[in-house]
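Residues take their numbers from the sequence shown, with the count starting at 1.
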Amino acid sequence: MVYGIGIAIFIFGIITWIPFFNTPYGQDQSGTAYLADQVLKKKITFFKDKVVYTIGHFLHVIAIQFFFGKENKYFNRFMCLWCSLSASIIYWIVYDLFGLPAAIIAGISFAFYIVNPRIDGNFGPFETILALPLLSSILCILYACKTDNYTLFALSGMFFGYAILVKQTAILYLPGYLLMVIGKNINFASFLFFGGGLVFSNLIPLIYYWRKGAFWEYMACNWLMMIPSAINSGKYNKFYPKTLVKSEKRGEAKKHCIVKNSLSLAPMMFYAAITLFSLIVTHTISLFHIGIFLCLSASIVMIFMRGTFFPHYWLYMVPWLAIAASYSISETISITTTNLNTLSLCRITILFTLFVFVLYVDYKYYIPHKDPYGFIRK
């Protein structure tokens with residue numbers, strides 16, 4: 001039954017993507033597809049001929065276009081499987097932490113928020129890439145602790161290292177992951193394998209660009225500038241290219257994010273806070289749980305990194321909110337169904353109202369944009 005539900009969560013993720021299989025490229029995606037095509041034709045070398053950021057974005061598109069061609073439908077199908085697998089993995093993580101009811105809620109919630117691309121809701125589906133390696137790393141930690149398998153520890157580090165490769169500022173999650181590792185009573189050798197895997201994932205592009213004669217260009221674009229500007233934006237933001245943050249400083253962008261797009265996350269944030277409070281009061285909170293909430297805090301910080309406001313970065317909060325909120329939602333449902341009274345009815349009403357509210361707020365983001373290439377003409 002448990003495995004069957006896991007497969008059902010994966011299928012649910014695929015179903016939510018079906019309306020988007022034939023949608024055109026979004027803003028970020030179309031630009032990346034063009035650059036990927038130039039790389040495959042050997043007309044440019046990243047960092048040497050063209051400055052780019054977050055190389056992991058391009059690795060996906062380059063691989064897809066190499067094997068399947070440039071048609072957008074292949075990218076959408078790849079991202080469908082990628083995100084659906086993420087929903088399935090979060091199901092297994094929460095099942096290990098909080099049990100089956102919470103796992104079902106977490107998988108469905110994650111799929112509901114992040115599996116579909118929301119073409120009008122962000123700059124494209126790239127913000128959904130980061131979840132899979134991060135969640136896979138956590139799952140490897142959980143199973144490695146049960147089996148004392150050092151290969152899984154190394155694999156966990158490689159997944160986390162790949163998340164950093166996709167988005168260098170994912171290094172902000174490192175304290176949370178270290179707490180998760182410590183919380184499982186892992187020995188020093190396990191830390192070495194975890195760290196070795198992390199370094200290995202990022203060593204491959206370093207060697208590649210060293211051979212291409214673009215080692216320092218790669219380091220400057222993806223490490224020496226992005227990491228300091230994320231950790232201490234007030235001090236290092238002046239080194240970050242103004243063209244990448246200029247459009248994000250407008251007041252309408254902030255209003256669009258706070259009042260419209262990410263407003264639907266309010267119920268999830270509410271239940272996540274209840275989960276933290278419940279774990280503290282019942283004295284069941286562990287270092288592993290604290291690591292999860294530390295990663296959630298890092299995701300919030302990422303929205304405001306580099307001294308500005310990136311509205312579409314709210315998507316980075318989704319996997320952590322799905323994990324954190326699932327416990328309190330499942331407990332609410334459990335209490336309500338076992339003891340039906342006035343208080344229980346109030347809880348049901350609140351839960352149902354919040355869910356309908358999310359559907360209402362997010363409805364338009366599930367409809368493909370009528371003019372996705374309008375930004376080119378502008």
Side-chain angles (χ1 to χ4, degrees), residues 2-3 5-10 12-14 16-17 56 60 78-99 102-116 125-146 152-167 169-181 183-184 194 197-198 201 268 272 275 288-299 302 313-327:
V2 174
Y3 290 96
I5 295 175
I7 295 173
I9 295 292
F10 178 78
F12 175 75
I14 292 177
T16 61
W17 260 85
H60 290 264
F78 174 83
M79 286 304 299
C80 169
L81 296 175
W82 182 275
C83 295
S84 301
L85 183 59
S86 302
S88 183
I89 289 176
I90 206 171
Y91 163 83
W92 289 108
I93 291 172
V94 177
Y95 175 73
D96 188 89
L97 294 176
F98 302 128
I104 296 172
I105 292 170
I108 292 176
S109 300
F110 180 86
F112 176 76
Y113 273 108
I114 205 171
V115 164
N116 66 76
F126 287 121
E127 280 65 43
T128 64
I129 291 176
L130 198 62
L132 180 60
L134 289 174
L135 294 170
S136 298
S137 180
I138 296 176
L139 191 64
C140 285
I141 291 174
L142 290 172
Y143 281 92
C145 296
K146 296 178 179 179
L152 286 177
F153 286 120
L155 193 60
S156 174
M158 290 177 65
F159 279 128
F160 184 65
Y162 183 74
I164 297 174
L165 186 63
V166 171
K167 197 77 172 178
T169 48
I171 195 88
L172 297 177
Y173 292 126
L174 184 59
Y177 273 76
L178 291 178
L179 275 182
M180 284 188 265
V181 172
K184 290 299 180 179
F194 179 84
L198 190 157
S201 293
M268 298 290 284
T275 294
F288 195 95
H289 296 137
I290 295 174
I292 293 290
F293 281 97
L294 202 58
C295 288
L296 173 58
S297 301
S299 297
M302 287 174 70
Y313 281 9
W314 65 269
L315 284 167
Y316 295 133
M317 298 168 56
V318 174
W320 311 110
L321 283 176
I323 293 173
S326 62
Y327 173 77

Report the C-alpha separation of Ile164 and Ser201 in whole Å, then their side-chain angles, then the decisive distance to 0.1 Å, and conclude whether the side chain to side chain contact (heavy atoms under 4.5 Å, CB included) test is met.
CA-CA 9 Å; Ile164 297 174; Ser201 293; over 6 Å; no
Side chain to side chain contact (heavy atoms under 4.5 Å, CB included) between Ile323 and Thr275: does it pass, once the steps are laid out?
CA-CA 10 Å; Ile323 293 173; Thr275 294; over 6 Å; no
Stepwise side chain to side chain contact (heavy atoms under 4.5 Å, CB included) check, Leu155 with Phe159
CA-CA 6 Å; Leu155 193 60; Phe159 279 128; 3.6 Å; yes
Run the side chain to side chain contact (heavy atoms under 4.5 Å, CB included) check on Leu296 and Phe293 step by step: do they pass?
CA-CA 5 Å; Leu296 173 58; Phe293 281 97; 4.3 Å; yes
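Of all the heavy atoms in Ala87 and Ile9, the pair that sits closest is O-CG2, 3.6 Å. Between Met180 and Phe288, the shortest heavy-atom distance links the atoms O-CD1, 3.4 Å. The minimum heavy-atom distance between Ile90 and Ala322, with the atom names listed, is CD1-CB, 3.8 Å. The nearest pair of heavy atoms linking Leu321 to Ala272 is CD2-CB, 3.9 Å. Nearest approach of Phe160 to Leu198, heavy atoms of both residues: CD2-CD1, 3.3 Å.
At least one side-chain heavy atom of Ile141 sits less than 4.5 Å from a side-chain heavy atom of Cys145. Here the side chains of Tyr327 and Ile105 are not in contact, with every heavy-atom distance at 4.5 Å or above. The shortest side-chain heavy-atom distance between Leu294 and Tyr177 does not fall under the 4.5 Å cut-off. Side-chain contact between Trp92 and Leu142 is absent, with no heavy-atom pair separated by less than 4.5 Å. Under the 4.5 Å side-chain criterion, counting only non-hydrogen atoms from C-beta, Pro319 is in contact with Leu135.
In this structure, Tyr173 has its ring center under 6.0 Å from that of Trp320.
To the nearest 0.5 Å, atoms OG (Ser326) and CD1 (Ile104) are separated by 11.0 Å. Once rounded to the nearest 0.5 Å, the distance linking CE of Met317 with OG of Ser297 reads 9.5 Å. Once rounded to the nearest 0.5 Å, the distance linking SG of Cys295 with CD1 of Ile138 reads 6.0 Å. Within the model, atoms CG of Leu132 and CG of Leu85 stand 5.0 Å from one another, a figure rounded to the nearest 0.5 Å. A distance of 12.0 Å separates OG of Ser88 from CG of Leu81, quoted to the nearest 0.5 Å. Ile129 contributes atom CD1, which lies 10.0 Å from atom NZ of Lys167 (distance to the nearest 0.5 angstrom).
Within 6.0 Å of the OH atom in Tyr95, the count of heavy atoms belonging to other residues, nucleotides or ligands does not exceed 12.
Side-chain atoms of Ser84 come within 3.5 Å of backbone N or O of Ile14 as a donor-acceptor pair.
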